[in-house]
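Structure first, commentary second.
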2 protein chains.
Amino acid sequence: MQKQQYLTKNQQIVLDLVEKSSEPLKAYSILFNVQKKGLKAPLQVYRALDKLVEIGKIHKIESRNAFVACKNSSCQVSKATAFSICESCEKVTEINNSKLSKYLTNFEDNSGMKYNKYNLEFFGLCKKCKNK
Amino acid sequence: MQKQQYLTKNQQIVLDLVEKSSEPLKAYSILFNVQKKGLKAPLQVYRALDKLVEIGKIHKIESRNAFVACKNSSCQVSKATAFSICESCEKVTEINNSKLSKYLTNFEDNSGMKYNKYNLEFFGLCKKCKNK
DNA sequence: TGTTATTTGTTATATTATTACAAACTGTTA
DNA sequence: TAACAGTTTGTAATAATATAACAAATAACA
Ligand SMILES: [Zn+2]
Ligand SMILES: [Zn+2]
Ligand SMILES: [Zn+2]
Ligand SMILES: [Zn+2]
């Protein structure tokens, strides 16, 4: 059998919720919201999240321990991700900038290490919060 | 009184331990190791860590929930950090590359957001692990 | 069908981090 | 000095995040 093509029921339930959300969701907030759909234990949510991250349908915002749906159709896997995070309202946006991704994907330093993945988080104030 | 110049006792104890370590340390591992020095509760460690991160003496590796001492003398505050992380042996190195930091510090996208901070984590295999 | 691998359900537990509040210490000023 | 304000510390309790272990159900397929 080749790599999974379809999402399992639990994965789909979790993905639907994350995609509907306008803000990053935390695992236990997801759990609370899918309990009526039958996912009763943390592990069921974490398993779904793990798989969805692996296949690039969602990303984890590491500094917030929260998850967002990928809005970037060219982002099939979670191996080159960049986000902007407002430190006031906590709005998170996935950055889709080909120059940036090219620059980082090709980045090499003198450590002899070959990078195959990166995650970048920018922090600041969004337009709205800046003007308050 | 102006901004704190000297570290408190607890901060110094925690910093000493993190600086001595060749690998990122987790908060509860730090706690275990400083208990003989009198820091008995998680909060004492977390408070020290928070302050040390704030003043740039240490950095948090977000994807690992672990802390490393800053090896970069020009890095007074934790507002522009980049790390390479080996996914096999978990070795972490702070990247000190002025081109990269200049590029990211000056990065602007079309969101109207002004960034004042970023954190970048590269993943891959270090030289040693690559040749296994 | 029987066999294997994957996914799921369930309980328990481990790990990471914060709240709340009282006590001790530090520097300032009446 | 004594009162005070601000900061740091100690302590207990608890919240929030994440994983281990194992049995049951389901899916792929020879
Ligand atoms: Zn994406
Ligand atoms: Zn904002
Ligand atoms: Zn540094
Ligand atoms: Zn390695």
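Lettering of chains follows the sequences in order, A, B, ..., and the numbering in each one begins at 1.
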Could Lys91(A) and Glu23(A) be called an ion pair, given the rule that one side-chain N must be under 4.0 Å from one carboxylate O? no

Classify the side chain of Tyr6(A) and the base of dA27(D) as holding, or not holding, a donor-acceptor pair under 3.5 Å.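 Between dA27(D) and Tyr6(A), which were checked side chain against base, a qualifying N/O pair under 3.5 Å is absent.
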
Suppose we call a contact any N or O donor and acceptor under 3.5 Å apart; does that hold for the side chain of Tyr28(A) and the base of dA15(D)? no

Closest-nucleotide 5' rank along DNA chain C - winner of Arg47(B) and Arg64(B): Arg64(B)

Nucleotide of [options] approaching [X] most closely (side-chain heavy atoms):
X: Gln44(A); options: dA12(D), dT10(C), dT9(D); value: dT10(C)
X: Pro42(A); options: dT10(C), dA18(D), dG10(D); value: dA18(D)
X: Lys26(B); options: dT16(C), dA17(C), dT19(D); value: dT16(C)
X: Ala27(A); options: dA17(C), dT10(C), dA18(D); value: dA18(D)
X: Asn10(B); options: dG10(D), dT16(C), dT10(C); value: dG10(D)

For [N], take OP1 and OP2 only and decide whether either is under 4.0 Å from a side-chain N or O of [X].
X: Lys60(A); N: dA18(D); result: yes
X: Tyr46(A); N: dA18(D); result: yes
X: Asn65(A); N: dA18(D); result: yes

What is the separation between atom NZ on Lys9(A) and atom P on dT6(C), rounded to the nearest whole Å?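 Going from NZ in Lys9(A) over to P in dT6(C) covers 20 Å.
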
is_close_aromatic(Tyr118(A), Phe123(B)), centroid dist under 6.0 Å: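 Ring centres of Phe123(B) and Tyr118(A) not closer than 6.0 Å.
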
Just checking Tyr103(A) against Tyr103(B), ring centres under 6.0 Å apart? yes

